[in-house]
Amino acid sequence: MFILRRIFIFSPLLASFITAYPVFEAGFNDETIAKVRSRLLESAHASWERGTAAEALTEFSWPTLSVFDPSAVPPPNQLAGDQFPSDVVKIASETVNAKPQNSLALIGNDGAVGDPASIGVAVLLANWTRPEASDNSYSQAAGQQLDYLLNVAPKSNTGAISHRADEVQLWADFVYMAPPFIAYFGAMQGGDGGSALLQIAYDQCRLYRDNLRDDSGLWRHITLGSWQDSTHWATGNGWAAAGMLRVLETITHSDYASQFVDQQRDLTNWVQEIIDAVWAHQHDSGTLLNTLDDPNSFPDSSSTALLASVTYRLAVITNDFTRLDAASKALHLIETKVDNDGWLQDTVDPYTFNSATKAGDHSPEGQSFVLLLYSAWRDFAKRISGQL
Ligand SMILES: *[C@@H]1O[C@H](CO)[C@@H](O)[C@H](O)[C@H]1NC(C)=O
């Protein structure tokens with residue numbers, strides 16, 4: 001209601017926006033987007049791919065359970081029949097069933113600290129909505145994963161939790177993998193312990209930004225440790241912006257929002273800062289380059305989709321529509337980049353970071369980013385149409 005009223009106040013801007021970018025024009029059709037989802041389920045195997053898939057499936061099929069919904073934190077205790085998020089819970093249950101006894105992290109010997117934690121949000125959702133009240137396997141697994149992040153994983157001297165298990169090394173990717181889980185855990189747990197976790201999730205975003213952000217507002221990919229990647233990797237900027245956005249929304253929709261006003265303001269500004277810096281490098285076709293500010297880099301539809309999704313979500317929060325021009329251009333490009341089988345084309349190879357995916361290969365995370373973009377655009381259009 002508050003947001004709708006704000007939009008009403010800015011209605012001249014809204015009117016000109018709608019004229020320029022009709023939000024109801026044909027987007028992805030249902031058949032195409034269903035294929036994108038099927039290809040995602042077939043291809044997502046690595047820890048972070050499954051955690052990102054769980055989030056994308058939640059936003060796509062179960063939007064009232066995603067942290068972007070004002071009533072989603074915490075979700076209902078029981079979800080009946082077709083309300084039950086079966087595809088998300090499947091990722092959680094397969095993970096918990098395969099978890100070795102001697103591993104605190106959700107996945108044993110992953111090498112990464114952050115990546116297994118990305119599945120933690122789905123595990124918490126599975127715990128909260130489990131049909132068998134006596135089943136504490138999800139709760140225990142989530143608690144151990146949290147313990148690993150907070151008390152076992154290596155940390156930098158300023159307190160940033162390392163993205164890697166064997167040395168202290170900070171990757172922009174971490175911001176999407178761990179802080180949203182820490183925040184969601186805190187929002188579910190509640191009380192002093194819960195609000196302490198919300199603060200930790202915020203602090204990790206702050207520490208990562210302190211270490212990776214350049215004056216341009218763009219983030220470098222990897223710092224500290226035995227090697228660095230100082231390029232402004234487009235997907236890394238997407239991970240950072242999208243992760244901070246989820247922490248922001250988890251705090252905003254928790255019972256503790258009023259105690260975290262400054263943190264919400266900072267997170268909003270930090271997401272906006274990346275969004276502004278990134279779209280300044282958008283090409284006429286709508287694409288971003290894999291290394292955002294290197295003209296010799298190649299077009300990458302993965303990061304273009306992820307950052308467009310963040311832009312639609314952020315506009316709903318701030319009512320600032322100035323970057324929707326860029327997001328809309330990106331959306332239209334991405335629609336043309338999904339082939340007849342539902343694969344996103346022209347992605348960066350997510351395992352090298354610096355080369356394009358070879359013909360016949362695909363990016364599982366790119367499949368998730370298309371679902372995230374579709375969901376963000378759909379939810380934005382719903383907000384706007386509710387006003388008209
Ligand atoms: C799991 O759900 C129960 C409520 O059914 C709750 O009491 C418990 O705190 C949850 N565990 C976690 C780790 O959130």
Side-chain angles (χ1 to χ4, degrees), residues 47 50-51 54-55 57-59 62 64-81 83-108 110 113-153 161 176-204 243 246-257 259-260:
S47 50
R50 286 167 63 75
E55 175 63 21
L57 294 169
T58 305
E59 293 185 31
W62 321 100
T64 60
L65 300 177
S66 112
V67 295
F68 295 100
D69 188 286
S71 61
V73 190
N77 265 132
Q78 290 257 317
L79 292 164
Q83 305 289 314
F84 189 74
S86 46
D87 50 5
V88 178
V89 170
K90 183 162 183 273
I91 291 175
S93 68
E94 287 172 356
T95 303
V96 169
N97 289 338
K99 179 175 174 289
Q101 287 282 343
N102 62 359
S103 172
L104 285 178
L106 281 165
I107 293 176
D110 188 71
V113 169
D115 295 344
S118 68
I119 306 171
V121 172
V123 172
L124 286 168
L125 184 63
N127 170 62
W128 205 260
T129 60
R130 71 200 185 284
E132 292 288 335
S134 61
D135 176 6
N136 66 1
S137 62
Y138 294 116
S139 186
Q140 192 183 18
Q144 290 179 343
Q145 174 63 70
L146 183 73
D147 183 24
Y148 179 71
L149 286 175
L150 301 187
N151 303 317
V152 179
I161 300 168
Y176 196 80
M177 305 304 155
F181 164 65
I182 297 170
Y184 197 57
F185 200 116
M188 293 250 189
Q189 181 176 317
D192 289 348
S195 59
L197 290 175
L198 294 175
Q199 180 66 37
I200 290 171
Y202 162 87
D203 285 335
Q204 289 300 318
R246 288 170 64 200
V247 172
L248 168 64
E249 289 291 85
T250 307
I251 293 175
T252 302
H253 294 144
S254 76
D255 294 340
Y256 303 88
Q259 297 169 28
F260 288 89

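Order of appearance sets the numbers: ligands from 1, and atoms from 1 within every ligand.
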#### Entry: Subset of ligand 1 atoms that lie under 4.0 Å from at least one heavy atom of Leu124
12 (C), 13 (C), 14 (O)

### Task
Any chance you could measure Ser66, atom OG, to Arg246, atom CZ, to the nearest 0.5 Å?
9.0 Å

### Message
Rounded to the nearest 0.5 Å, what separates atom CD1 in Ile200 from atom CZ in Phe185?
### Response
11.0 Å

### 4.0 Å heavy-atom contact, Tyr138 with ligand 1
no

## Note on the structure
Taken to the nearest 0.5 Å, the spacing of Asn127 CG from Asp135 CG works out to 8.0 Å

### Message
Determine whether any protein heavy atom is located less than 4.0 Å from atom 7 (O) of ligand 1.
### Response
no

#### Entry: Interfacing atoms of ligand 1 (cut-off 4.0 Å, heavy-atom, Phe185)
13 (C)

### Query
For ligand 1, which part of Gln189 has a heavy atom less than 4.0 Å away: the side chain, the backbone, both, or neither?
neither

#### Entry: Under 3.5 Å donor-acceptor, Trp128 side chain and Pro74 backbone
no

### Query
Looking at atom 1 (C) of ligand 1, what's its closest protein heavy atom, distance included?
Asn127 ND2, 1.6 Å

### Task
Would you mind reporting whether Leu197 and Leu150 have side-chain heavy atoms less than 4.5 Å apart?
yes

### Query
How about Asn97: does its CG atom have over 12 heavy atoms from other parts shown lying under 6.0 Å from it?
yes

### Task
Run the contact test for Gln140 against ligand 1 with a 4.0 Å cut-off on heavy atoms, strictly below, and give the result.
no

### Query
Can you find an N or O of Ser139 that's nearer than 3.5 Å to an N or O of ligand 1?
yes

### Task
Applying side chain to side chain contact (heavy atoms under 4.5 Å, CB included), run through Thr95 and Ile107 and close with a yes or a no.
CA-CA 7 Å; Thr95 303; Ile107 293 176; 4.2 Å; yes

### Query
Judging by distance only, is a nitrogen or oxygen of Arg130 under 3.5 angstrom from one on ligand 1?
yes

